[in-house]
Amino acid sequence: MASVLASRPPSGHRLFTAVLVLAAALRVLVILGYDTAMVYWYDSFTYLDTAVRLRPNGAFHPAGYSAFLWLLRPFHSVELVAGVQHAMGLGVAVMMYALLRSRGLPGWGATLAALPVLFDPSFVRLEHAILSDLQVIFLVTAALLVLARREEVSTRAAAAAGLLLALAGLTRTAAVPLIGIATLWLLLRRVGWRRAAVLAAVLAVAGALPLLAYAGWYERHHGRFALSGSDGVALWARTMTFADCSIIRPPPEEAKLCPNGTVVDAASEYVWAPGASLNLLPGDRFAHNDLARSFALRAIAAQPLDYLREVAANTALAFTWEPVPHPDRMTPTSRFPYGVWTVPGNELVRRVRATYDPDIRGMRSVEPWGSALAAYPYPWFLHGTLFGVLLLAGAAGSAGRRRPAALPWTFAVFLLVAPVAALDFDHRYVLPAIPPACVAAALAVHGIPRARYRPAAVERTTVRV
């Protein structure tokens, strides 16, 4: 990355440097404006607890983000974790800029593409939270940089990209198929089939080995060769918004998971709803993961159009002019929050305090910085509707012979749709798709053929005196 920037004259980076300094100042203001990092029940405490007793989690989260927290555990400070993540957020923008400059974009164009990552409060809030999303964004952007910064992909770059995408998949399992997408992209490039096959094989092997190793580790702890123990539960919840057992006709054992009249306002809510059929079965909900997966796949096969309709309708929530609550208990916003937030005083929270950070607590705004952040303007349509425009532009750049935007655009679409298809829509889950969408749109616009004009001939006249 440094070599890419160094290949440009210093004057070419002045605009981006100035913007980066402003973005860093915004992050300093966030650190001053809140008295600690934002922690969420129950995700943040599960990550922290797994970091203390480093082992694969048996439910939703693989241990990739917890390994990052484990590295910072000796400091016993979630505030330090947030500070490192703020630096990583700036690093995402630097990588986007480096990639676009290496592909010929002018400094102002590459800077423009990085602005949402630098100044959208949704990204900065994510950096300040104990959540895995920022790490996924960082790793996927790094993989894009090593794959797409040059027209010719080296064997070393393919291996590095495979490893980075594997780490992203071990941070959030929805990113695992990106390894397949990148492999297919390498195979379809016009570089000769032998060269393409070698690069694709290198990337696939580099991506598969860490995943296989983790799955073996998971099996030692949970008796199942897998990356997590919640994929079936999540997909079952997805089907609860449309499943009709008179059409599905499941076998008796799976019929216990049919809708039972419990209605909630979002698919993800069925995972936790006490009256949902899964949660009425004996034992822990995740103990029925295999049965839930079997029912869900049967439901999708029996009602494919209903499934696609639900996925499309939920995905469309990402592009609204005004934010739509989903589920209703959530209040989406494009602003920095202001106020006081508490955490429950249960056993998991007490254990995390005792083993990771004794000062961990809720969060409150600190004056006068908190009021300044609350007044920071960022219209929602720059996050929602503009995102749709970026995807349309990237789609245009993914067609044709050269297809400069194909890889980042495909990454963006997959990262947007996959969480919805596997569980449900969440405004937070949209954020990992925005950086590759910005890169794709910038490459697409830059790739538009320019009309070439010949300078008009200058007529010469001879004046005789």
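Everything numeric here is computed off the predicted structure, so don't read it as measured data. Positions are given from 1 along the sequence.
Looking at residues two or more places apart in sequence or on another chain, you find a salt bridge (charged side-chain N to carboxylate O under 4.0 Å, His left out) between Arg309 and Asp306. For Arg156, there are no salt bridge (charged side-chain N to carboxylate O under 4.0 Å, His left out) partners at least two apart in sequence or on another chain. Residues meeting the salt bridge (charged side-chain N to carboxylate O under 4.0 Å, His left out) test with Asp265, sequence neighbours left out: none. Listed by chain and residue number, His221 satisfy the side chain to side chain donor-acceptor pair (under 3.5 Å) test with Trp217 (two or more places apart in sequence, or in another chain). Under the side-chain contact (heavy atoms from CB on, under 4.5 Å) criterion, Ala444 pairs with Ala405, sequence neighbours left out. Every residue two or more places apart in sequence or in another chain that forms a ring-ring contact (aromatic ring centres under 6.0 Å, His included) with His128 is listed here: Tyr34, His86. Taking the side-chain contact (heavy atoms from CB on, under 4.5 Å) definition, one finds that Phe425 meets it with Asn314, Leu317, Ala318, His326, Val420, His427, Val430, sequence neighbours left out. Every residue two or more places apart in sequence or in another chain that forms a side-chain contact (heavy atoms from CB on, under 4.5 Å) with Ala302 is listed here: Ile247, Ile248. Applying the salt bridge (charged side-chain N to carboxylate O under 4.0 Å, His left out) test to Asp35 and every residue at least two apart in sequence or in another chain returns Arg361, Arg364.
In this structure a side-chain-to-backbone donor-acceptor pair under 3.5 Å is missing from Ser365 to Gly370. Between the Ser154 side chain and the Ala157 main chain, a donor and an acceptor come within less than 3.5 Å of each other. Panel note: side chain Gln303, backbone Phe242; a donor-acceptor pair is recorded below 3.5 Å. Side-chain atoms of Arg403 never come within 3.5 Å of backbone atoms of Gly397 as a donor-acceptor pair (strictly under, hydrogens ignored). Put simply, the side chain of Arg27 gets close to the backbone of Ala23: a donor and an acceptor are under 3.5 Å apart. For the pair Arg125 (side chain) and Arg335 (backbone), a donor-acceptor distance under 3.5 Å is present. Judged by distance alone, with hydrogens and angles left aside, the side-chain atoms of Arg224 form a donor-acceptor pair with the main-chain N or O of Ser228 at under 3.5 Å. Side-chain atoms of Asp357 come within 3.5 Å of backbone N or O of Val78 as a donor-acceptor pair. A side-chain donor-acceptor contact under 3.5 Å links Gln85 to the backbone of Ala129.
By the 4.5 Å heavy-atom criterion applied to side chains, His446 and Arg103 are not counted as neighbours. For the pair Pro435 and Ile137, the minimum side-chain heavy-atom distance is below 4.5 Å. Looking only at side-chain heavy atoms (C-beta outward), Tyr97 and Leu105 stay at 4.5 Å or farther from each other.
Relative to the ring axis of Trp185, Arg189 places its NZ or CZ within 45° and under 6.0 Å from the centre.
Note on residues 378-390: pairs passing side-chain hydrogen bond (donor to acceptor under 3.5 Å, both in side chains), not counting sequence neighbours, are Asp120-His383. Pairs passing the salt bridge (Lys or Arg N to Asp or Glu O under 4.0 Å) check and including a residue from residues 205-223, sequence neighbours excluded, do not occur.
When the shell of 6.0 Å around CH2 of Trp41 is examined, it contains more than 12 heavy atoms from other residues, nucleotides or ligands.
Leu443 and Pro408 get closest at one heavy-atom pair: CD1-CG, 4.1 Å. Taking both residues in full, the closest heavy atoms of Arg195 and Val153 are given as NH2-O, 3.1 Å, listed atom of the first, atom of the second, then distance.
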Report all side-chain donor-acceptor pairs from residues 68-77 shorter than 3.5 Å, counting only partners two or more places apart or in another chain.
| from | atom 1 | to | atom 2 | distance (Å) |
| --- | --- | --- | --- | --- |
| Arg73 | NE | Thr355 | O | 3.4 |
| His76 | ND1 | Tyr356 | O | 2.9 |
| Ser77 | OG | Glu79 | N | 3.3 |
| Ser77 | OG | Glu79 | OE1 | 3.2 |
| Ser77 | OG | Leu80 | N | 3.1 |

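When each of Phe336, Phe119, Tyr376 is paired with Val124, the side-chain contact (heavy atoms from CB on, under 4.5 Å) condition holds for Phe336 and for no other.
Remark: the Tyr47 side chain and the Ser132 side chain contain an N/O donor-acceptor pair separated by less than 3.5 Å.
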